[in-house]
2 protein chains.
Amino acid sequence: MNDIYALLEENNLSRTPCRVEILKTLSRADSALSESEIRDQLAYSYDRTTVYRTLRSFLSQNVIHSISLEGGEVRYAMTPGKDKPHNSHHVHFYCNNCNGVFCISHKPFETPVLPKGFQPENFDLLVHGKCKNCTT
Amino acid sequence: MNDIYALLEENNLSRTPCRVEILKTLSRADSALSESEIRDQLAYSYDRTTVYRTLRSFLSQNVIHSISLEGGEVRYAMTPGKDKPHNSHHVHFYCNNCNGVFCISHKPFETPVLPKGFQPENFDLLVHGKCKNCTT
DNA sequence: GGTATATTTGCAACTTTGTTGCAAATGTAA
DNA sequence: TTACATTTGCAACAAAGTTGCAAATATACC
């Protein structure tokens, strides 16, 4: 709980109930949540717009990050180790079975050689498969 | 043009003007297009629903594939080498400058070790940076 | 604690996208 | 050319993205 207050303070975000609630929800979530899942899991119901805007401001401060799935679905999760030096390699895992999305911590991974003229800056890898809960 | 007819035939899709148009549009596109970009570039205007459904059927036949960007934007592009053996590694490049999305052909790339219990099936890598047209 | 100021919320409104049902139009095969 | 299977356009509605504005709330200062 203090972590959440600290996180808000670090990012110059005032401590409002909606913000605290959303961070609590995302913190306790096992996997990344969609906007509507977040809304459904809030203890108190906030306006759609408020949740939308709160997510925007968390995103812009890098308090949370979004993961875009096939077909355009978007999920949100706490940004792990926000304070650590910027990491340009991100790995997420999508479970074909339970539809869960997990942030995978990892060392920078090998990246493919790109055609002449392409200058890479960062890498988002989405791995599809079966997650730890679904591989019996 | 004959390629397009052949592609439709191979996939048991009847040769309708809308389908031919959409494939022509995607074929001549340098980068992946959004649904509305496709609609705008068609020589004749088809109903939104028709374009939507046409894209669905192309997707399900793997004639085209979709790329999901940050924030949930979706782009579509021809599936290169649809007939080649299934490739579980996909690489796309998003240009931060011109917003173009490019399919990158490549050899299978090294993938990071996943935590215990996660069973990978395929890998989608989205590289952000500057594309060949924008690196002066 | 009380107040002034800067933020955040809720609500209305509107755009775009995703999606379905249905009847009319079109493609395909015989 | 007919007969049947598909595809299209249109109406309709849900969900998501987005903005403006006034009311409610948080934060800083006395």
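Throughout, a chain's letter reflects where its sequence line sits, starting with A, and its residues are numbered from 1. Here the structure is a predicted model, which means the values were calculated and not measured. Side chains are part of it too, since the values below use all heavy atoms of this structure and drop only hydrogens, waters and symmetry mates.
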Working to the nearest 0.5 Å, report the span between CD of A/E21 and CZ of A/R39.
14.5 Å
Between B/H128 and A/N122, do the side chains contain a donor N or O and an acceptor N or O under 3.5 Å apart?
no
Expressed in angstrom and rounded to an integer, what is the separation of B/R19 atom CZ from C/dT26 atom P?
15 Å
Please give, in whole Å, the distance from C/dT7 C1' to A/D47 CG?
16 Å
Under 4.0 Å, counting only non-hydrogen atoms across every strand here, what does B/T50 touch: a base, just sugar-phosphate, or nothing?
base
Can you find a heavy atom in the side chain of [X] that is under 4.5 Å from one in the side chain of [Y]?
| X | Y | result |
| --- | --- | --- |
| B/T111 | B/P120 | no |
| A/V20 | A/Y5 | yes |
| A/H92 | A/R75 | no |
| B/H65 | B/P80 | yes |

I'd like to know whether B/T16 forms a side chain to side chain contact (heavy atoms under 4.5 Å, CB included) with B/Y46, so could you lay out the CA-CA distance, the side-chain angles of the two residues, the decisive distance to 0.1 Å, and finally the verdict.
CA-CA 12 Å; B/T16 68; B/Y46 295 90; over 6 Å; no
Under 4.0 Å from a heavy atom of chain A: give me the 5'-most and 3'-most nucleotides of DNA chain D that qualify.
D/dA16 to D/dT27
Please table the atom pairs, donor to acceptor, closer than 3.5 Å between any side-chain atom in residues 93-105 of chain A and protein atoms at least two apart or in another chain.
from  : atom 1 : to     : atom 2 : distance (Å)
A/Y94 : OH     : A/N99  : OD1    : 2.5
A/N96 : ND2    : B/E121 : OE1    : 3.0

What are the atom names and distances for every N/O pair under 3.5 Å that joins the protein to nucleotides 16-20 of chain C?
from   : atom 1 : to    : atom 2 : distance (Å)
C/dT17 : OP2    : B/R39 : NH2    : 3.3
C/dG18 : OP2    : B/E35 : OE1    : 3.0
C/dG18 : N7     : B/R48 : NH1    : 3.0
C/dG18 : O6     : B/R48 : NH2    : 2.8
C/dT19 : OP2    : B/Y52 : OH     : 2.6
C/dT19 : O5'    : B/Y52 : OH     : 2.9
C/dT19 : O4     : B/R48 : NH2    : 3.4

Here's a test of your reading of the structure: between A/P17 and B/Y46, which maps to the more 5' nucleotide of DNA chain D?
B/Y46
